[in-house]
Structures are given as structure tokens and as C-alpha cells.
Trainee: 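Shown below is the structure under consideration.
Values in this document were obtained by computation on a predicted structure and should not be read as measured data. These numbers come from the heavy atoms of this one structure, side chains and all, not from hydrogens, waters or symmetry mates.
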Amino acid sequence: MEKNKEALLHSLEHFLTYRVSPAQLCQVFFVLAAAGVLAVATTPESARRLMLEYGPRQAKPDATTPSSRKAAAATSLDSPSSSSSSSSSHFTKLVAWFTSMGKVPHSWFMYFYILSVGSSLFWAAQYMSDGAIITFVARTQAPSLETSMTANQAMLTWLLMFMQGCRRLFECFAILRPSTSTMWIVHWVLGMAYYACINVSVWIEASTSLLQTGKFSFEFEPSANEAIGTLLFLIAWVMQYRCHKYLAGLTKYSLPKGGMFHYLICPHYTCECLLYLSLAITAAPKGHLFNQTIICGLLFVSTNLGVTAGDTRKWYAEKFGQNSIQRRWNMIPLVY
């Protein structure tokens, strides 16, 4: 029985080694998820709002923007564009029906961070006990690595990810206000999958070193990448907390104006991107500027938040006027 089990594991490892590695699986997920967000962002605005927006910006099934209402009023029944408008309307109704089938409370965001913290603890326990799962995943990944992160890098990056998960979970209970709004369940499932993958991504490219190190061992001798990445992480970590605390203290649905919000529409999104950029720097294998798997995670984060920041700008413009935000960047200073 034991020999058959070992033979099965060996065959599975052999298959995964030559077909796809765990790091590649994570990378493919991040890239496909980012592509999916971009695809949704190109749909008609009324449908896109139903799929992407939540909270105060959440569109109603029959909601349209001022610009779309003006366009509809200006389009006659015999206009050449009437057929395309009708098709768009039918598509929006289909999306409205589809998105109404699965709604979850906005408060379920906290499960992202419960999963993140739980995953961090799980992988740490696996490493410290030479667990069978982390050994299997590392043995599957190691043959495809040209250069491995060090065990120190893996533990440091794990610690930073754990700090981020703990802080966000704390904010869900102690900072953020209760909300009755909902979000599409696809958002929630995608978020849960992201946090499961990113908690593997922070250590997977250290598989060779982790297998060689064996039992728990950690000697902190920071490289330049680790020092720079950790410093950037701590700055962004504190800045994002301050942004979230500031937002929580505002009158409901008012325009943020203080601190970084004076220059950016969504500075907390800026901080989120900086956090994952810092992890990619901290976890970069020797001879590399960034950790490839975490950079793919950053691609998804920046794409998802970039689309949301653009929609937030439109909502602010509609509610408070274009002049109130005209001097602000959406998320990335001097770029977007």
C-alpha cells in the first residue's frame, strides 16, 4: 500500500515537472484573471457597471449614466445605430439577470483576509514541520527553477504577506464601517482564488532552497533586494492603513480630500500596488530584479484596481462635478 502511494506521488510529480509547475499555474491564473477583467472593462458601460461595481457605485439593473441617457435621447428609432443600441440593451438585460443570480454581502471581503492569514499560517506550519504538502509542492517546482530564492527570502516575504493579511483583517473588524451593499459572487470567488495563489507565490520560487534547508532555520542577512523591498513594503503598509482610516472617518459618500487623496483618486490602491511590488523585489532570486510569479500577481492587482479607480473617478465626477477632481491622478502619479 505504501509503495503504491509513493509510486503514485512520484508519477504525479514526474507529470507536473514536465507539463506545468506550481509557479506556472499561479502565473497563468494571474494573467488570465487580469485578461478577464480587461475583457469585462471593454463591454458597454451599463453592463460593465453591473459586473464590476459594488458599494455606493453599484449600478442598478436599469441604471444608465448621464452620457448614455443623452445618447439614447438623441438616437431616433430609424437611426442606423438603433439596432446596435437594441443589441446593447439586450446584452445589458442579460448581464443584469446573470449578476442578480449570485450576490454576496460586501462584508464578505473579510474572508479574503481570513484566507490570507490562514494560508500564511498553514504554509509556515508546513515548513517548520517538514510537512508532506509543502515538500510535495517544492519537489514538483524545484526542477524548473534556474535560480532559487534563499530560505531567508522566503521567510521574510512570508512574514510581510502575513503582516498585510493581519492588518487588513484587523481593519475589517476595527476600522471599516458595516455596510449593507452587495457584490457579484464572481468578485468574491476571484478574490478568494487570488489570495490562495499569492500565498503560494511568496515562497514557491524558493523551492530548491527550502528542500535543502530542511528543518526550520532563519538567519537574517539581508541582501539589497530584501532591504529595499522591506523598506518599501513598510512605507506602503503604513500609508494604506492611514488611507483606510481616513476613508472610514468620512461622512458617508462624501468626497475624500485630505492627505494623499488631494493628489490621487484612489491612493489606497496605489499603496496596494506598491505592497506587491515590494514583495516582488524582496523575493527576487539572485540575478533578477523581481520575482516573476509575484509580478504576475501584481499584474492582476494593478489591472483590477486600475479599472475600479477609473470607475471611481467617473462616479466622483457625476456626483461632485468634474472640477472637484480634475487635478488628481487616478492611481499612478504622472501616469494614470
Trainee: Are Ile185 and Leu115 joined in one hydrophobic group, where the rule is that I, L, V, M, F, W and Y side chains link up if heavy atoms are under 4.5 Å apart?
Mentor: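 As far as the 4.5 Å side-chain criterion goes, Leu115 and Ile185 are connected within one cluster.
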
Trainee: Between Trp123 and Trp158, does the ring centroid distance fall short of 6.0 Å?
Mentor: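 Ring centroids of Trp123 and Trp158 are no less than 6.0 Å from each other.
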
Trainee: Could you check if a side-chain atom of Tyr276 sits within less than 4.5 angstrom of a side-chain atom of Phe233, using non-hydrogen atoms only?
Mentor: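 They are not in side-chain contact.
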
Trainee: Before we go on, tell me: are the rings of Phe30 and Tyr194 under 6.0 Å apart, centre to centre?
Mentor: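 So the answer is yes for these two rings.
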
Trainee: Decide yes or no for Phe261 and Cys243: does some side-chain heavy atom of the first lie under 4.5 Å from some side-chain heavy atom of the second?
Mentor: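 Yes, their side chains come closer than 4.5 Å.
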
Trainee: Is a side-chain N or O of Thr157 found less than 3.5 angstrom from the main chain of Ala154, in a donor-acceptor match?
Mentor: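 No; zero donor-acceptor contacts below 3.5 Å.
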
Trainee: Does any part of the side chain of Thr270, heavy atoms only, come nearer than 4.5 Å to the side chain of Met239, both counted from C-beta?
Mentor: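 Of all side-chain heavy-atom pairs linking Thr270 with Met239, none is under 4.5 Å.
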
Trainee: Between Asn304 (side chain only) and Phe300 (backbone N and O only), is there a donor and an acceptor less than 3.5 Å apart?
Mentor: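 The answer is no, because no donor-acceptor pair under 3.5 Å joins these two groups.
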
Trainee: Under a single-linkage definition using a 4.5 Å side-chain heavy-atom cutoff for Ile, Leu, Val, Met, Phe, Trp and Tyr, are Ile133 and Leu121 assigned to the same hydrophobic cluster?
Mentor: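 Yes, one cluster joins them.
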
Trainee: Please name the pair of heavy atoms, one in Leu299 and one in Ser302, separated by the smallest distance, quoted to 0.1 Å.
Mentor: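 Answer, listing the atom of Leu299 first, then Ser302: O-OG, 3.1 Å.
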
Trainee: Would you say Gln141 and Ser144 are linked by a side-chain donor-acceptor pair, where the criterion is simply a distance under 3.5 Å?
Mentor: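 Present: a donor and an acceptor within the cut-off.
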
Trainee: Could you grab the distance from atom CE of Met149 to atom NE2 of His288, nearest 0.5 Å is fine?
Mentor: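 Here the rounded value is 12.0 Å.
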
Trainee: Working to the nearest 0.5 Å, report the span between SG of Cys197 and CD1 of Ile294.
Mentor: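 Reported value, rounded in 0.5 Å steps: 12.5 Å.
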
Trainee: To the nearest 0.5 Å, what is the distance between CZ on Phe112 and NE2 on His187?
Mentor: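 Interatomic distance, Phe112 CZ to His187 NE2, rounded to 0.5 Å: 9.5 Å.
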
Trainee: Flag yes if Val31 and Val307 sit in one hydrophobic cluster, no otherwise; membership is Ile, Leu, Val, Met, Phe, Trp, Tyr, and two members link when side-chain heavy atoms are under 4.5 Å apart.
Mentor: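 No; tracing contacts between hydrophobic side chains, which count when under 4.5 Å, never links both residues.
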
Trainee: Taking C-beta and beyond as the side chain, do Ile204 and Cys26 meet within less than 4.5 Å on heavy atoms?
Mentor: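 SC-SC contact between Ile204 and Cys26 ruled out.
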
Trainee: Would you say the side chains of Glu226 and Thr282 form a donor-acceptor pair under 3.5 Å?
Mentor: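 Note: Glu226 and Thr282 side chains miss the donor-acceptor criterion.
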
Trainee: Check whether more than 12 heavy atoms from other residues, nucleotides or ligands sit under 6.0 Å from atom CD of Glu146, and answer yes or no.
Mentor: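 At most 12 heavy atoms, drawn from other residues, nucleotides or ligands, come within 6.0 Å of this atom.
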
Trainee: Assess the residue pair Leu334 and Trp329 against the criterion (side-chain contact (heavy atoms from CB on, under 4.5 Å)); give the C-alpha distance rounded to whole Å, side-chain angles, the decisive distance to 0.1 Å, and a yes or no.
Mentor: CA-CA 7 Å; Leu334 306 178; Trp329 298 95; 4.1 Å; yes

Trainee: Does Tyr263 OH have over 12 foreign heavy atoms under 6.0 Å away?
Mentor: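 12 or below, so no.
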
Trainee: Looking at OG of Ser148 and CD of Glu205, how far apart are the two atoms once the value is rounded to the nearest 0.5 Å?
Mentor: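 Going from OG on Ser148 over to CD on Glu205, the span is 8.5 Å.
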
Trainee: I'd like to know if the side chain of Tyr246 and the backbone of Gly258 have a donor-acceptor N/O pair within less than 3.5 Å.
Mentor: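 Side chain of Tyr246 to backbone of Gly258: a pair is present.
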
Trainee: Quick one: does any side-chain atom of Arg168 pair with a main-chain N or O of Met163 as donor and acceptor, under 3.5 Å?
Mentor: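 Judged by distance alone, no pair lies under 3.5 Å.
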
Trainee: Report the C-alpha separation of Lys314 and Gln322 in whole Å, then their side-chain angles, then the decisive distance to 0.1 Å, and conclude whether the side-chain contact (heavy atoms from CB on, under 4.5 Å) test is met.
Mentor: CA-CA 9 Å; Lys314 291 178 182 178; Gln322 185 62 43; over 6 Å; no

Trainee: If we only count heavy atoms from C-beta on, is the Trp203 to Leu210 side-chain gap below 4.5 Å?
Mentor: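 In short, these two side chains touch, coming nearer than 4.5 Å.
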
Trainee: Looking only at non-hydrogen atoms, find the nearest pair between Phe162 and Val117 and report the distance.
Mentor: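 In this case the closest contact between Phe162 and Val117 is CE1-CG1, 3.7 Å.
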
Trainee: Applying side-chain contact (heavy atoms from CB on, under 4.5 Å), run through Leu279 and Leu160 and close with a yes or a no.
Mentor: CA-CA 8 Å; Leu279 293 179; Leu160 298 179; 3.6 Å; yes

Trainee: Can you tell me if Asn291 uses its side chain to pair, donor with acceptor, with the backbone of Ala283 under 3.5 Å?
Mentor: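 Such a contact is found between Asn291 side chain and Ala283 backbone.
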
Trainee: Enter the distance from Ile265:CD1 to Asp311:CG here, rounded to the nearest 0.5 Å.
Mentor: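 The CG atom of Asp311 is 12.0 Å from CD1 of Ile265, to the nearest 0.5 Å.
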
Trainee: Strictly distance-based, threshold 3.5 Å: is any side-chain N or O of Arg139 a donor or acceptor partner for the main-chain N or O of Ile134?
Mentor: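 No.
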
Trainee: Considering all heavy atoms of both residues, which atom of Thr303 and which atom of Ala34 are nearest to each other, and what is their separation?
Mentor: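 Of all heavy-atom pairs spanning Thr303 and Ala34, the closest is CG2-O, 3.6 Å.
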
Trainee: Given the rule in the side-chain contact (heavy atoms from CB on, under 4.5 Å) test, do Val301 and Leu275 qualify, once you have shown the distances and angles that lead to the verdict?
Mentor: CA-CA 10 Å; Val301 169; Leu275 285 165; over 6 Å; no

Trainee: Take Glu171 and His244 through the test side chain to side chain donor-acceptor pair (under 3.5 Å) and record every step on the way to the result.
Mentor: CA-CA 8 Å; Glu171 289 173 353; His244 288 160; 2.8 Å; yes

Trainee: Report the residue from Ser201, Cys296, Ser21 that forms a side-chain contact (heavy atoms from CB on, under 4.5 Å) with Gln27.
Mentor: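 For Gln27, the side-chain contact (heavy atoms from CB on, under 4.5 Å) check succeeds only for Cys296.
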
Trainee: Which atoms form the tightest heavy-atom contact between Leu274 and Ala236, and what is the distance?
Mentor: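 Looking at all heavy atoms of both residues, the closest pair is CB-CB, 3.8 Å.
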
Trainee: Which heavy atom of Asn199 sits nearest to which heavy atom of Tyr195, and what is that distance?
Mentor: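 Shortest heavy-atom contact: ND2-O, 2.7 Å.
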
Trainee: Are Tyr113 and Phe170 close enough that their ring centres sit under 6.0 Å apart?
Mentor: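 Ring centres of Phe170 and Tyr113 not closer than 6.0 Å.
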
Trainee: Kindly give the heavy-atom pair with the smallest separation between Leu156 and Thr230, and that separation in Å.
Mentor: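 That would be CD2-OG1, 3.5 Å.
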
Trainee: Distance only, no hydrogens: is a donor on one side chain within 3.5 Å (strictly under) of an acceptor on the other, for Gln164 and Gln240?
Mentor: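 Present: a donor and an acceptor within the cut-off.
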
Trainee: Would the number of heavy atoms belonging to other residues, nucleotides or ligands and lying under 6.0 Å from CZ of Arg167 be above 12?
Mentor: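 More than 12 within 6.0 Å, yes.
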
Trainee: Nearest 0.5 Å please: distance from the CG atom of Leu277 over to the SG atom of Cys271.
Mentor: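 Between atom CG of Leu277 and atom SG of Cys271 there are 12.5 Å.
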
Trainee: Check whether Ser254 reaches the backbone of Leu250 with its side chain - one donor and one acceptor, N or O, closer than 3.5 Å.
Mentor: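 No.
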
Trainee: I'd like to check Leu145 versus Ser207 (side-chain heavy atoms, cut-off strictly below 4.5 Å). Are they in contact?
Mentor: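 They are in contact (side-chain heavy atoms under 4.5 Å apart), so the answer is yes.
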
Trainee: Can you find a heavy atom in the side chain of Tyr241 that is under 4.5 Å from one in the side chain of Ile175?
Mentor: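 A side-chain contact under 4.5 Å exists here.
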
Trainee: Would you indicate whether the side-chain heavy atoms of Pro256 and Leu247 approach each other to under 4.5 Å?
Mentor: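 Yes, their side chains come closer than 4.5 Å.
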
Trainee: Going by the angle between their ring planes, with limits at 30° and 60°, are Tyr111 and Trp108 parallel, tilted or perpendicular?
Mentor: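 The rings of Tyr111 and Trp108 stand perpendicular, inter-plane angle above 60°.
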
Trainee: Side-chain heavy atoms nearer than 4.5 Å, only ILVMFWY residues, links allowed to pass through others: does that put Val238 and Leu264 together?
Mentor: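 No, separate clusters.
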
Trainee: For Thr150 and Ser209, test the side chains for any donor-to-acceptor distance below 3.5 angstrom and give the result as yes or no.
Mentor: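 Their side chains do not contain a donor-acceptor pair, so the 3.5 Å distance test is not met.
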
Trainee: Honestly curious: do Phe122 and Met155 fall in one hydrophobic cluster under the side-chain, below-4.5 Å linking rule?
Mentor: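 Shared cluster, yes.
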
